[in-house]
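Predicted, not measured: the structure shown is a model, and the values here were computed from it. All chains are named by letter (A, B, ...) in the order of the sequence lines, taking the proteins before the strands, and each is independently numbered beginning at 1.
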Protein chains: 2
Amino acid sequence: MAEKKKTYLVLADKLIECYLGGNLKPGERLPSERELAVQFNVSRTTIREALRTLELNGLIDIRQGGGSYVKVSDIQSNKEEIITVVKAENPLVFEMLELRRALEAESSFLAANRATPADLEKLRIALHNMALSKQDPELGLKADLDFHIGIAEATHNSIFIELIHTLKGHMEETIRATQNHRFKDLSRYGDTINEHREIYLAIASGNGDKAKELMEGHITKIRAELVESMI
Amino acid sequence: MAEKKKTYLVLADKLIECYLGGNLKPGERLPSERELAVQFNVSRTTIREALRTLELNGLIDIRQGGGSYVKVSDIQSNKEEIITVVKAENPLVFEMLELRRALEAESSFLAANRATPADLEKLRIALHNMALSKQDPELGLKADLDFHIGIAEATHNSIFIELIHTLKGHMEETIRATQNHRFKDLSRYGDTINEHREIYLAIASGNGDKAKELMEGHITKIRAELVESMI
DNA sequence: TCGAGGAATTTGGTCAAACCAATGTTATAA
DNA sequence: TTATAACATTGGTTTGACCAAATTCCTCGA
């Protein structure tokens, strides 16, 4: 069904496409409201609503008498830098794992306070798939990843979400490395599933501190398994 | 510093205070734009900008011909959260702070287990400079930064070290934003110094769990100060 | 020639009145 | 009672005007 979009949002997108999508560098000025109104064939009022939208999203800076300027978002570029740092093909497996411990523990805490019913549903599905996957390593891998990513997404913090996706490759590697152990000793795989389930319950019940503690323990245990698998 | 706030943001706050601060339950309808314009003695245009702000922040739902309704909030949000959303100059500031909480808490934990005498010496110097800087904001800023960076370096985890340097700009911004409050109330600045000192002691004595807990509290407090400084 | 000061212009901020479009309400007729 | 048409309400958009801040540009004096 064709959703009817609000005009000011459509305009905001057009503005981004025309001016913020690379054609205008940070610090440069946009055309005046009156010019934009003519260009897009709408009233100044409507253009102003679109500009407000961009301002509230931190994309531009509006100054009375001055004009609208593309914001030099330290933070936006910071965000990209952070991703770059983490992305760097790092052979530093254990350092990465420490980063994951930091990120995922805090994610669990935040998720417990913010997860929507839809977020929780995703986590339940991942849990369920994992339980079904005792004989299927690939399904297990995917479900395991889905669970960890699902928690990050439940924080609704865009930086955490991007970072966890950046770390996906590393997580996959780690899981594969430890899978041999897990499948040799099925009870251990069961332990992992139980840990996930407990983390889920803590998040679903809104117990942030407990969720964080459990996730810390979980990743510490992964580290131990990784050490074993390398012996 | 008497910042001149944009009218529509001020109005958005008033609307929250009058209607979303508990007096109106989720699902209930706000007065019409025309009524609100009369009530706050501004034009309908201005009221509309304020309502847009609330809509963009997901607090209300505006339906043509229907009216504006308080949204059933996805995330469990207390009043402070709401204020935060509306006030945030850059929506990513608080996301960044959450990232810092994750990184610096884990850093403190790791530092407590790995800090060398040289690492500890650096932290002591930063602490000392901070104590000396009650009258010198710039020195205080640098000492504050040095302390946080020093902890990351004491982890000897290259990823953490790179990340904290990437976040330096953001940290500086946050410290500056909260400095006004700190210097208005010197006892509060003393609190900050004491928090740093306690974190140092926990690290120096090898108590990782305590160091982590203290750092978490410290950054949570920074967040609260940041919220205050924006009101 | 250069710089300071100030007037004129540009640009965003606010207001008012009108009309359109979608929704909600009420009255009417089957 | 129900379906429908007329009306009222409410948000959406346009226009034009004026205010306030910032910028631009010109003049004048050193």
| For dT14(D), does either OP1 or OP2 sit under 4.0 Å from a side-chain N or O belonging to Thr46(A)? | yes
- Query: When you check the phosphate oxygens OP1 and OP2 of dG13(C), does a side-chain N or O of Arg48(A) lie under 4.0 Å from one of them?
  - Reply: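 It does, given that an N or O in the side chain of Arg48(A) lies less than 4.0 Å from OP1 or OP2 of dG13(C).
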Does [X], at its [atom1] atom, have more than 12 non-hydrogen atoms belonging to other residues, nucleotides or ligands within less than 6.0 Å?
X         : atom1 : result
Lys210(A) : NZ    : no
His165(A) : NE2   : yes
Glu213(A) : CD    : no

I'd like to know if Arg44(A) reaches the base of dG13(C) with its side chain such that a donor and an acceptor end up less than 3.5 angstrom apart. yes
What is the separation between atom [atom1] on [X] and atom [atom2] on [N], rounded to the nearest whole Å?
X        : N       : atom1 : atom2 : value
Leu51(A) : dG12(C) : CG    : C1'   : 10 Å
Ile47(A) : dG13(C) : CD1   : P     : 14 Å
Asn41(A) : dT14(D) : CG    : P     : 8 Å
Glu49(B) : dG12(D) : CD    : P     : 13 Å
Gln64(A) : dT14(C) : CD    : C1'   : 9 Å
Tyr69(A) : dG12(C) : OH    : P     : 9 Å
Phe40(B) : dT14(C) : CZ    : P     : 15 Å

Choose from dA22(C), dA20(D), dC15(C) the nucleotide whose nearest atom is closest to any side-chain atom of Val42(B).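 Selected nucleotide (nearest to the side chain): dC15(C).
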- Message: Using every non-hydrogen atom in the two residues, find where Ala105(B) and Glu216(B) come nearest and quote the distance to one decimal.
- Response: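 So the two residues come closest at CB-CG, 3.6 Å.
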Considering the options Gln39(A), Glu33(A), Arg34(A), which one meets the side-chain contact (heavy atoms from CB on, under 4.5 Å) requirement together with Leu36(A)?
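Looking at Gln39(A), Glu33(A), Arg34(A), the match for Leu36(A) under the side-chain contact (heavy atoms from CB on, under 4.5 Å) is Gln39(A).
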Closest to the 5' end of DNA chain C, once Arg63(A) and Thr45(A) are matched to their nearest nucleotides, is Arg63(A)
Note: contacts of residues 29-39 of chain A with DNA chain D (heavy atom, under 4.0 Å) are Arg34(A)
side-chain hydrogen bond (donor to acceptor under 3.5 Å, both in side chains) partner of Asp119(A), the single match among His156(A), Arg114(A), Arg124(A)
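Result: among His156(A), Arg114(A), Arg124(A), His156(A) is the only option passing the side-chain hydrogen bond (donor to acceptor under 3.5 Å, both in side chains) with Asp119(A).
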Test item: Glu195(B) and Met215(B) side chains (from C-beta on) under 4.5 Å apart, heavy atoms: no
